[in-house]
Amino acid sequence: MTNIFSIYFTSNNFTQRVIDYNRSYPNADGNLLSAKPLFYDDQVSMINGKIASTTQIQLFFSKAYATHFFHKWEPYKNAPSSDNSLAGRLKIVIKDPVEDITIVNPPYLDYNPSDNEYTHIPQTEEVWNPEENPQVPFAIDHYFNLMEAPNCMGEVIITKPASEYVTIFPKHLKPNKLYTAIVNNLFDVNHNGNFDTVAAIDETREVHKFVFKTSRYKDFKEQVESYFLEREFEGNLVQRDAIFNLEKPFTQAEIDASYTTIWNWNNIINQQALTGFTPEIIETLTNDYQHPFDRVFEGILGLKPLNEAVSTEVNVIKDTNTGSIIALIVRNPEPFNNPKFRQEVIKDTIEVMTEGNINSSYMVLFSKDHSQVIIMNSAKNIIENISLKFKYKVYRDILPGDDVVLNYPVMTEVIIPVDLLNN
């Protein structure tokens, strides 16, 4: 059994075969491009009345059997040895690139919340969760497709495999820092009840590692409320909202085309035709600007790229021909939600409120990395003060069924007022 572990876990095929990179967060392949940084110190969020945390790493597996390699293997029936069980577990170690090599990391396997000595070392707490919607193997999916054929009769009943995923809660992280997460598999070779280096072979094997970056914000509330800028001026703390004007003349055709593009992003089935432009211009817009956000921002409205945002900010787009506010652009230096989330999951994570209620006349269009959003209303003219409601979602496999949106619960909500009339 030991040889099986050794061969399997030193194989480079492990990560390719069993880790589900699409659902794991942060990106388990270490890709930092357009990735959502991990909030570095959110330990007290609430979801459904229970304490949760958005400072969490989720590791999903594409094969249901993979989780068994990280748990105890019970005695095998009719095996010659009287003690052929093998204790095992998973342990995630988070390494700081500038960490002193003399530091023992982790100081102990199980995190001790009352420990005040090792708060300078990142630590982790692992929790295994049952997976309600495990991945369907390709062969089974193929059988389902065959069942759809008109000349095929029968009934297929699938027994859900006992699959699990692991949630890791990091502790003592620092803001805006690059870390390496090392996935270790531990197994008690010498059956002494410990995972140590006394055995004939090392009882700890590294099976995967990836880099991730922490956010400059400790939690989602701090990210959104960075909209309220503060600075000291002549000994006094001065606060102002991060709201700015972008003024430019627009044609009615440009305004209408912008709204139509936003409408189509929100209504995949009930699409509207783009009017006011020649077919050649429409084709050029579609080809040159693949993402709808870029198509509206640069292609239709002709806005120039803005300086990098330093906080949550609201840019008011004014038409100098009429003085009307035709749109808002809300930005942040980091994505508001995981860029891997699909359109139907993300589209309600920023909503416009008026008089305390969601105003459905407003529609939003997210950028590809979910760090920017364009907002317009059906009148194409914003004449009122509003509030913006931000939601932060995570993937959590909590409900079975085809409605995959249910698997993305809202972890926290933040509302900020936006004073447009006195800007």
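The chain is numbered in sequence order, starting from 1. This structure is a prediction, so every number in the text was calculated from the model and none was measured.
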Is it the case that the side chain of R240 and the backbone of I243 share a donor-acceptor pair, with hydrogens and angles ignored and the cut-off at 3.5 Å? yes
I need the R295 CZ to S258 OG distance, nearest 0.5 Å. 11.5 Å
Is a side-chain N or O of D188 found less than 3.5 angstrom from the main chain of A87, in a donor-acceptor match? no
Interatomic distance, E334 atom CD to L38 atom CG [nearest 0.5 angstrom]: 10.5 Å
Under the side chain to side chain donor-acceptor pair (under 3.5 Å) test, which residues partner E308, sequence neighbours left out? none
Determine whether I92 and E126 make a side-chain contact, defined as any pair of heavy atoms from C-beta on separated by less than 4.5 Å. yes
Return yes if some donor-acceptor pair links the side-chain N/O of K248 with the main-chain N/O of L301 below 3.5 Å, else return no. yes
Suppose the criterion is side-chain hydrogen bond (donor to acceptor under 3.5 Å, both in side chains): which pairs have a residue in residues 29-39, not counting sequence neighbours? K36-Q223
Residues K391, D348: salt bridge by 4.0 Å N-O rule: yes
Minimum heavy-atom distance between F341 and K393, given as atom pair plus value: CE1-O, 3.5 Å
The test is side chain to side chain donor-acceptor pair (under 3.5 Å); show your working for T354 and N359 and say whether it passes. CA-CA 6 Å; T354 54; N359 191 327; 3.1 Å; yes
K221, NZ: over 12 other non-hydrogen atoms inside 6.0 angstrom: no
Return the set of residues passing side chain to side chain contact (heavy atoms under 4.5 Å, CB included) with N22 (not counting sequence neighbours), or none when no residue passes. D20
Looking at side-chain heavy atoms only, is the closest gap between N381 and I326 below 4.5 Å? no
Please identify each residue that fulfils ring pair (Phe, Tyr, Trp, His ring centres under 6.0 Å) with F210, with sequence neighbours left out. H208
Is it the case that more than 12 heavy atoms not belonging to I383 sit under 6.0 Å from its CD1 atom? no
Test log, rule side-chain contact (heavy atoms from CB on, under 4.5 Å), inputs L246 and K318: CA-CA 6 Å; L246 292 176; K318 288 187 177 181; over 6 Å; no
Is R89 salt-bridged to D110, cutoff N-O under 4.0 Å? yes
Main-chain N/O of K174 paired with Y179 side-chain donor or acceptor, under 3.5 Å: yes
Do S361 and S378 have side-chain N/O donor and acceptor atoms under 3.5 Å apart? no
Regarding S371 and N332, is there a side-chain donor-to-acceptor distance under 3.5 Å anywhere? no
Ignoring hydrogens and angles, tell me if any N or O in the side chain of S311 forms a donor-acceptor pair with the backbone of Y227 under 3.5 Å. no
Would you mind reporting whether I300 and T261 have side-chain heavy atoms less than 4.5 Å apart? yes
Would you say the side-chain atoms of K340 and N27 include a donor-acceptor pair closer than 3.5 Å? yes
In sequence, state the C-alpha distance, the side-chain angles, and the governing distance for N270 and W263, and then conclude on side-chain contact (heavy atoms from CB on, under 4.5 Å). CA-CA 9 Å; N270 186 21; W263 166 275; 3.7 Å; yes
K177 vs K213 side-chain heavy atoms within contact, under 4.5 Å: no
If you round to the nearest 0.5 Å, how far is CD1 of I386 from CG of L421? 10.0 Å
From CA spacing to verdict: side chain to side chain donor-acceptor pair (under 3.5 Å), Q271, N267: CA-CA 6 Å; Q271 297 276 291; N267 298 274; over 6 Å; no
Note, Y259 side chain near N377 side chain (heavy atom, < 4.5 Å): no
Side-chain ion pair, D42 and K218, N-O less than 4.0 Å: no
According to side chain to side chain donor-acceptor pair (under 3.5 Å), who are the partners of T167, at least two apart in sequence or on a separate chain? N129
Can you tell me how the ring of F220 sits relative to the ring of F390, calling it parallel under 30°, perpendicular over 60° and tilted otherwise? perpendicular
Salt bridge check: are E131 and R23 linked by an N-O gap of less than 4.0 Å? yes
Which heavy atom of P339 sits nearest a heavy atom of K368, and at what distance? CB-O, 4.3 Å
When Y40 is tested against each of N176, L173, D219 for side-chain contact (heavy atoms from CB on, under 4.5 Å), which residue passes? L173
Got a donor-acceptor contact below 3.5 angstrom from the T349 side chain to the I346 backbone? yes
Is there side-chain contact between H172 and Q123, with at least one heavy-atom pair below 4.5 Å? yes
Closest heavy-atom pair, S387 versus P417, reported as atoms and distance to 0.1 Å, is OG-CA, 3.8 Å
In this structure, CG of N245 is separated from CG of N315 (nearest 0.5 Å) by 9.0 Å
Within a strict 4.5 Å, meaning less than it, do heavy atoms of the V373 and L365 side chains meet? no
Exercise: do D294 and Q290 side chains pair donor with acceptor under 3.5 Å: no
Classify the ring geometry between Y165 and F60 as parallel (under 30°), tilted (30 to 60°) or perpendicular (over 60°). parallel
Identify the heavy atoms of L59 and A28 that sit nearest to each other, and give their distance. CD1-CB, 4.3 Å
Answer yes or no: is there a side-chain heavy-atom contact under 4.5 Å between F336 and T312? yes
Would you call the rings of W265 and F366 parallel, tilted or perpendicular, where under 30° means parallel and over 60° means perpendicular? tilted
Heavy atoms only: give me the nearest A327-M376 pair and the separation to one decimal. CB-CG, 3.6 Å
Hey, does the side chain of N385 reach the backbone of L420 with a donor-acceptor pair shorter than 3.5 angstrom? yes
Answer yes or no: are there more than 12 heavy-atom neighbours, outside E355 itself, under 6.0 Å from its atom CD? no
Judged by atom type as modelled, is there a donor-acceptor pair below 3.5 Å linking the side chain of K91 to the main-chain atoms of L109? yes
Do Q58 and Q56 have side-chain N/O donor and acceptor atoms under 3.5 Å apart? yes
Distance from T180 atom OG1 to I94 atom CD1, nearest 0.5 Å? 10.0 Å
Could you tell me which non-hydrogen atom of L32 sits nearest to which non-hydrogen atom of V211, and how far apart they are? CD2-O, 4.1 Å
Any donor-acceptor pair under 3.5 Å linking the side chain of S367 with the backbone of Q372? yes
Is there a donor-acceptor contact under 3.5 Å linking the side chains of T119 and E117? no
Using residues 277-284 as the side-chain source, report each donor-acceptor pair under 3.5 Å to any protein atom, sequence neighbours left out, with the distance given to one decimal.
{"residue": "T278", "atom": "OG1", "partner": "I281", "partner atom": "N", "Å": "3.2"}
{"residue": "T284", "atom": "OG1", "partner": "E280", "partner atom": "O", "Å": "2.9"}

I'd like to know if the side chain of D319 and the backbone of F250 have a donor-acceptor N/O pair within less than 3.5 Å. yes
CD1/I268 to CD/E344 distance, rounded to the nearest 0.5 angstrom? 8.0 Å
